[in-house]
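What follows is one structure encoded as structure tokens, with my remarks underneath.
Computed over heavy atoms, backbone and side chain alike; hydrogens, waters and symmetry mates excluded. Throughout, numbering of the chain's residues begins at 1 and tracks the sequence.
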Amino acid sequence: MSLLSDIAVPIAKLVNMKKYKEKDFLNPRRDTDFLNKKNFDKSLITDEQFIDKYQVLTVFSEESHSRHIIFLHGGAYVMRAVRAHKNIIEKLVKKFHLKVTFIDYPLAPENTVDKAHNTVMDAYKQITGKYKTDEFYLFGDSSGGGLALAFLQILKNEKDLPFPKKTVLMSPWTDVSMTNEEIEEFAEKDPLLPLNGLIVTGKQFAGELDVKNPMISPIYGNMDNLGEIFLIFGTNEILYPDCLKLSDMLEVAVGTSVKIKIGENLCHDWILAPLKESEETIDEIGKFFLK
């Protein structure tokens, strides 16, 4: 553990980050645009298109090879991508020479999960059709991890589309019902995520679907034949019990292999924070996609 990570949780609790997060969840901003192509390093190439007004941005360099990540960002299904998401994309492209396509999928409360899946599917069809010789992967953090896992379960039944051989799930939100009996204990440990805020945004994104429908809560879906998965989560996050449950399910699934990293005393989605562990984990993710 680094010194910064040792003090990150106490500081977050001291400033009551949960209170601020809940305000953000219930009144999400729409005036941020960190993934604007103009914000990326000028040495990188950006290929931008829009699907029903939603941005689909592919970032690569002259050195990029054919390994291509489809990236779905976190934010409780209500918040836009943040600067740290852009930084992660840049590092994966510049250091590991990967291609990364970011999909700015529809968010709640304006939209529901049906619309999000339709947009992600349309984007996936267009990107895989445009970059026909590439090998495709998925990467999602937090709610984006839940969406990635649900999308993976859908894709395995789409025989005409290339299936992602590898998927990274960083602190995935896989059960928006938040009904795991162990959650209450970890809600106290988590310095960032408010339980009530998650329950509200989960219901908003579910729309008319049951919150335990696998389209939005993929932990209730089938884990067979999902390829290689790298599952990452921390011991100090409210989603720890569900991530642990998911790891058990993936380990016994047929046609699925899982690599697991559990960050001791680390909180939710720590790769977005300026921690030594974040840099190490992003490096592990890059190497996972390259091996």
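Put simply, the side chain of H117 gets close to the backbone of M215: a donor and an acceptor are under 3.5 Å apart. Side chain of E90 to backbone of D41: a donor-acceptor contact under 3.5 angstrom is found. Checking side-chain atoms of S61 against main-chain N and O of E63 turns up a donor-acceptor pair under 3.5 Å. In this structure, the side chain of S278 does not engage the main chain of L272 through any donor-acceptor pair within 3.5 Å. Judged purely by atom type and a 3.5 angstrom limit, S64 uses its side chain to pair as donor or acceptor with the backbone of L98. Checking side-chain atoms of Y77 against main-chain N and O of L147 turns up a donor-acceptor pair under 3.5 Å.
A cation-pi arrangement is present between K259 and F230, with the terminal nitrogen or guanidinium carbon under 6.0 Å from the aromatic centre and inside a 45° cone about the axis. For K189 and F186, the positive end sits near the middle of the six-membered ring, less than 6.0 Å away and at most 45° from its axis.
Looking at L266 and L275, their side chains come closer than 4.5 Å, going by heavy atoms from C-beta outward. When side chains are defined from C-beta on, L161 counts as touching M121, because their heavy atoms get closer than 4.5 Å. Considering only heavy atoms from C-beta on, Q204 comes within 4.5 Å of V78 through its side chain. Between K212 and I219 the shortest side-chain heavy-atom distance does not fall below 4.5 Å. Two residues are said to be in side-chain contact when any heavy atoms from C-beta on lie closer than 4.5 Å; W173 and L198 meet this criterion. Side-chain contact between Y131 and T58 is present, with at least one heavy-atom pair separated by less than 4.5 Å. Put simply, the side chain of N36 does not reach to within 4.5 Å of the side chain of K86, judged on heavy atoms. Contact check for K245 versus D175: no side-chain heavy atoms found under the 4.5 Å cut-off.
Linking ILVMFWY side-chain heavy atoms closer than 4.5 Å, directly or via other members, places I127 and Y54 in two distinct hydrophobic clusters.
Within the structure, the salt bridge (Lys or Arg N to Asp or Glu O under 4.0 Å) test picks out the following pairs touching residues 116-134 (sequence neighbours left out): D47-K130, K99-D134. For residues 101-121, the salt bridge (Lys or Arg N to Asp or Glu O under 4.0 Å) pairs, not counting sequence neighbours, are R30-E110, D52-K115, R80-D104.
Ring centroid separation for the pair F288 and Y137 does not come in under the 6.0 Å cut-off. Between F60 and H68, the gap from one ring centroid to the other reaches at least 6.0 Å.
Atom OG1 in T167 sits 10.0 Å away from atom CG in L250 (nearest 0.5 Å). Note that the CD1 atom of I183 and the CD atom of E185 stand 11.5 Å from one another [nearest 0.5 Å]. The CD1 atom of I88 sits 9.0 Å away from the CD atom of E279 when rounded to the nearest 0.5 Å. Rounded to the nearest 0.5 Å, atoms CE (M249) and OG1 (T174) are 8.5 Å apart. Note: N39 CG to D33 CG = 6.5 Å, rounded to the nearest 0.5 Å. Going from atom CG of L152 over to atom CG of N222 covers 11.0 Å, rounded to the nearest 0.5 Å.
Ionic pairing of K95 and D283 is present here: one or more N-O contacts between side-chain nitrogen and carboxylate oxygen are shorter than 4.0 angstrom.
For the residue pair G75 and S143, the shortest heavy atom distance occurs at N-OG, 3.1 Å. Across all their heavy atoms, A123 and I51 have their closest contact at CA-CD1, 3.2 Å. Taking every heavy atom of both residues into account, C243 and L231 meet most closely at O-CD2, 3.7 Å. Between P106 and F205 the shortest heavy-atom distance is O-CE1, 3.7 Å. When all heavy atoms of I262 and L244 are compared, the pair lying nearest together is CD1-CD1, 4.4 Å.
Cluster partners of V200, by chain and number: L26. The rule joins Ile, Leu, Val, Met, Phe, Trp and Tyr whenever side-chain heavy atoms lie under 4.5 Å apart.
Between H73 and Y105, the angle of the ring planes stays under 30°, which puts this pair in the parallel group of the 30/60° scheme.
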